Amino acid sequence: MHVVTRFAPSPTGHLHIGGGRTAIFCWLLARHFGGEFRLRIEDTDTERSRQEYTDSILASMRWLGLDWDGDLVYQSQRLDVYNAYVDKLLESGHAYWCECTPEEVEAMREVARAKGEKPRYNGRCRQRTLGPGPGRVVRLRTPDSGVVAFNDMVKGPIAVDVQELDDMILRRADGMPTYNMAVVADDHDMGVTHVLRGDDHVPNTPKQILLYQALGFEQPVFGHVPMILGPDKQKLSKRHGARAVIEYEQDGLLPQALVNYLVRLGWSHGDQEIFALDELVRLFDGHNLNSAAAAFDPEKLEWLNAHYLREITPGRLAALVAPFVAKLGFEASEDRLAELVPLYQERAANLKDLAKSLTLLLQDADALVCEDKAARSLTPEAKAHLAALCAEFEGLAFEPAALEASIHSYVEGNGLAFKQVGPPLRAALIGQSGGPSVHALLAALGREQSLLRLRRAIA
RNA sequence: GUCCCUAUCGUCUAGCCGGCCCAGGACAACGGCCUUUCACGCCGUCAACGGGGGUUCGAAUCCCCCUGGGGACGCCA
């Protein structure tokens, strides 16, 4: 099957998770069938479109691992094309010039509303034979009767009576094309075969189909994926915290975790939860898409992220966490980070947390802050044990096994319980009551830094 | 208001053309095991077919109505 999909964001903001998920689905569908995935920037709204958002969206696409085929298409560079199509429609009688002002149209809508009907343009200029002129727009001549039906990839058969549709504007008074006009022209010219987009476009689809028919274009397959709701089941908004893909990146999420989470939100493959990207490409064929809106669950995302974090090799993880460590004001080579990372790899849910934990090991002994619970374990008796252990460690090789053996022999030799020396040791080393095993901590810190921290705790 | 979409545990979902489902998996929560702590891991518990009518020997699965949720009705995209 020949498949060409596209993702068409408008550069009026960063790429949000809803758009991100749509992009992933489109990319997956194209890759699954060995087709093409195209990217189009819908920047006809000159007021709100910004280059920086285009850049941000492209950066997020790359971060997610979604590569696109062919050149980027900018709608703002295709205005002539759209107008040529509008002219064609005018010539064939499928469109007409209209001189009604926005105010007049609004009044018509009010009349319709008052009659309990859907607000719409009443077709006043339909029968007139107006030509171009200032303030005039071009409208599509919607058929008088009939039903527009299509088979949605995810929602199944959908039918709408044309009576519900009014004569939509194709060309604005300023000569700019409207959204539906541009989309149909672009999707056709780009050879798009499958239009996968957000749920909110369902009502646009019948209108666009009318345009396909008027223009004599072959229709693509349409598919509408439901929206993503906030954890409270309400429309996702700023209230729900981070929503843009770029924010998740900044919070230390791994792209494979976000992709896995987003795909699984609205698509399933039996009971499977974890999917590698190549596995998704193999499995995703456009079926099994859920037709109901789904609530976003940050906790499950976090769980997936922690999962992927544990799968990465220390060396690779060191490189990923380095920028986050630097952001916290610490300097450490990637080699050094690679040595430390294993201590916290399975204790962190994201790169930000991991970096924060690593700074416990990187900072100066004097800057170490001791948590209350940890401080309480540093009793006079415990300090005496620490002093004795310092002596034990003096002539020892600072390796995990040797350190562990040394601590155990001290504990047993003095008839103690491990908990009498473990907690105070950890408190002295990192100022916390929980965390990596003490011998691993000692080995990672090294002789000099370990003894420095122990002596400081005793003092 | 009108039209369209939608409805299984708190959340994501499995459940394709009815019986194998007194509904399965995952996240979260809770309990336990492992363990020097934390975390990981493992085991277990709690928890759902929105309501009402049909069709049928039999419905979460099919049909209708109601209710709930969402979206759209722009010279925005």
Side-chain angles (χ1 to χ4, degrees), chain A residues 8-10 12 42-45 47-49 75 98 100-102 105-106 109 112-121 135-139 152 155-156 158-161 163-166 168-180 182-183 198-206 224 226-227 229 231 233-235 261 264-274 287-288 290-304 306-307 310 344-349 373-374 377 404 407-408 411 417-423 425-427 432-439:
Chain A
S10 63
T12 53
E42 311 218 317
D43 56 351
T44 51
D45 184 345
E47 288 290 306
R48 299 192 301 148
S49 296
Q75 288 193 323
C98 166
C100 298
T101 64
V105 176
E106 184 46 46
R109 280 196 268 263
R113 249 189 291 264
K115 283 196 288 190
E117 290 171 5
K118 196 167 194 160
R120 59 219 278 243
Y121 171 66
R136 292 183 183 173
V137 301
V138 175
R139 289 182 181 273
D152 195 279
K155 293 178 185 290
I158 294 178
V160 174
D161 197 300
Q163 306 277 18
E164 294 298 324
L165 281 16
D166 65 358
M168 66 172 159
I169 293 177
L170 303 177
R171 181 191 198 271
R172 298 186 248 255
D174 64 2
M176 291 290 274
T178 52
Y179 169 75
N180 285 312
V183 166
D199 220 350
D200 46 338
H201 285 292
V202 170
N204 278 326
T205 306
H224 294 92
M227 317 201 12
L229 272 23
K233 283 276 192 179
Q234 296 301 302
K235 190 174 179 177
Y261 178 74
R264 193 60 190 59
L265 195 63
W267 176 83
S268 61
H269 182 256
D271 287 338
Q272 194 171 341
E273 298 285 350
I274 311 280
H287 291 98
N288 301 103
N290 215 133
S291 51
F296 184 79
D297 180 7
E299 289 182 319
K300 190 158 184 180
L301 207 209
E302 187 101 306
W303 168 74
L304 268 171
H307 167 83
R310 278 177 244 125
Y344 281 101
Q345 188 160 5
E346 63 180 31
R347 280 169 245 266
K373 190 179 175 192
S377 69
E404 185 175 20
I407 295 169
H408 278 293
V411 167
F418 190 92
K419 66 173 74 157
Q420 288 175 275
V421 304
L425 259 176
R426 188 176 293 103
Q432 301 197 336
S433 57
S437 53
V438 290
H439 58 268

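Chain naming here is simple, since letters A, B, ... match the order of the sequence lines and numbering starts at 1 in each. All values reported here derive from a predicted model rather than from experimental measurement.
As judged by a 4.0 angstrom heavy-atom cut-off over every strand, A:Gly198 is placed among residues making no nucleic acid contact.
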Between the protein and nucleotides 63-66 of chain B, list every N/O to N/O distance that falls short of 3.5 Å.
none

Return the polar atom pairs (N/O with N/O) between nucleotides 42-45 of chain B and the protein under 3.5 Å, or none.
none

Contacts under 3.5 Å, N or O only, protein and nucleotides 46-48 of chain B:
none

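Checked by atom type and distance alone, the side chain of A:Thr178 pairs as donor or acceptor with a backbone atom of A:Ile169 at under 3.5 Å. Checking side-chain atoms of A:Arg426 against main-chain N and O of A:Ala374 turns up no donor-acceptor pair under 3.5 Å. Side chain of A:Trp303 to backbone of A:Pro298: no donor-acceptor contact under 3.5 angstrom is found. Using modelled atom types, one side-chain atom of A:Arg172 and one backbone atom of A:Pro177 make a donor-acceptor pair closer than 3.5 Å. Side-chain atoms of A:Asn180 do not come within 3.5 Å of backbone N or O of A:Leu170 as any donor-acceptor pair.
B:C38 makes up no base pair with any nucleotide shown, lacking Watson-Crick or G-U wobble contacts both under 3.5 Å. Across all strands shown, B:A72 forms a Watson-Crick or G-U wobble pair with B:U2, both key distances being under 3.5 Å. Across the strands present, B:C17 finds no partner; the criterion is a Watson-Crick or G-U wobble pair with both atom distances under 3.5 angstrom. Pairing for B:G58 is absent, with no Watson-Crick or G-U wobble pair whose two atom distances lie under 3.5 Å. Pairing of B:U45, defined by two Watson-Crick or G-U wobble distances under 3.5 Å, is identified with B:A29. The partner of B:C22 cannot be assigned: no Watson-Crick or G-U wobble pair with both contacts below 3.5 Å exists in any strand.
Shown here are the salt bridge (Lys or Arg N to Asp or Glu O under 4.0 Å) partners of A:Arg109, two or more places apart in sequence or in another chain: A:Glu106. With sequence neighbours excluded, the residues satisfying ring pair (Phe, Tyr, Trp, His ring centres under 6.0 Å) with A:Tyr261 are A:Phe296. Not counting sequence neighbours, the partners of A:Asp152 by the side-chain hydrogen bond (donor to acceptor under 3.5 Å, both in side chains) test are A:His224. With sequence neighbours excluded, no residue forms a side-chain hydrogen bond (donor to acceptor under 3.5 Å, both in side chains) with A:Arg310. Residues meeting the ring pair (Phe, Tyr, Trp, His ring centres under 6.0 Å) test with A:His201, sequence neighbours left out: A:Tyr179. Evaluation of the ring pair (Phe, Tyr, Trp, His ring centres under 6.0 Å) rule for A:His269 yields no partner, not counting sequence neighbours.
Distance A:Lys155 NZ to B:A7 C1': 12 Å, rounded to the nearest Å. The distance between atom CZ of A:Arg264 and atom C1' of B:A26, rounded to the nearest whole Å, is 7 Å. Taking atom CG of A:Asn290 as the reference point, atom P of B:U11 lies 14 Å away to the nearest angstrom. Atom CD of A:Glu302 is separated from atom P of B:C40 by 11 Å (rounded to the nearest Å). Rounding to whole angstrom units, CD of residue A:Glu117 and P of B:U2 are separated by 11 Å. Counting to the nearest Å, the P atom of B:C12 and the CG atom of A:Leu265 are 8 Å from each other. Remark: P of B:C5 and CG of A:Asp161 are 13 Å apart, rounded to the nearest angstrom. For the pair A:Tyr261 OH and B:A26 P, the interatomic distance rounds to 17 Å; values are reported in whole Å.
If you take atom P in B:C63 and the same atom in B:C17, they sit 10 Å apart, rounded to whole Å. Separation of the P atoms belonging to B:C38 and B:C30 is 15 Å when rounded to the nearest angstrom. Using atom P as the reference point in both B:C9 and B:G52, the two lie 16 Å apart (nearest Å). Nucleotides B:C3 and B:G24 place their C1' atoms 38 Å apart, quoted to the nearest Å. Using atom C1' as the reference point in both B:G18 and B:A60, the two lie 10 Å apart (nearest Å). The same atom, P, is picked in B:A59 and in B:U2; the two are 35 Å apart, to the nearest Å. B:C49 sits 16 Å from B:U6 when the C1' atoms are compared, rounded to a whole Å. Between B:C20 and B:G58, the distance separating the two P atoms is 15 Å to the nearest Å.
Within the structure, the salt bridge (charged side-chain N to carboxylate O under 4.0 Å, His left out) test picks out the following pairs touching residues 290-304 of chain A (sequence neighbours left out): A:Glu273-A:Lys300.
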Which parts of nucleotides 27-37 of chain B does protein reach within less than 4.0 Å, heavy atoms only, written one letter per nucleotide 5' to 3' as B for base, S for sugar-phosphate only and - for none? BS-------BB
With B for base contact, S for sugar-phosphate-only contact and - for none (protein heavy atoms under 4.0 Å), nucleotides 68-77 of chain B reads --SSSBSBBB
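The residue among A:His269 and A:Ile158 whose nearest nucleotide of RNA chain B is located toward the 5' end is A:Ile158.
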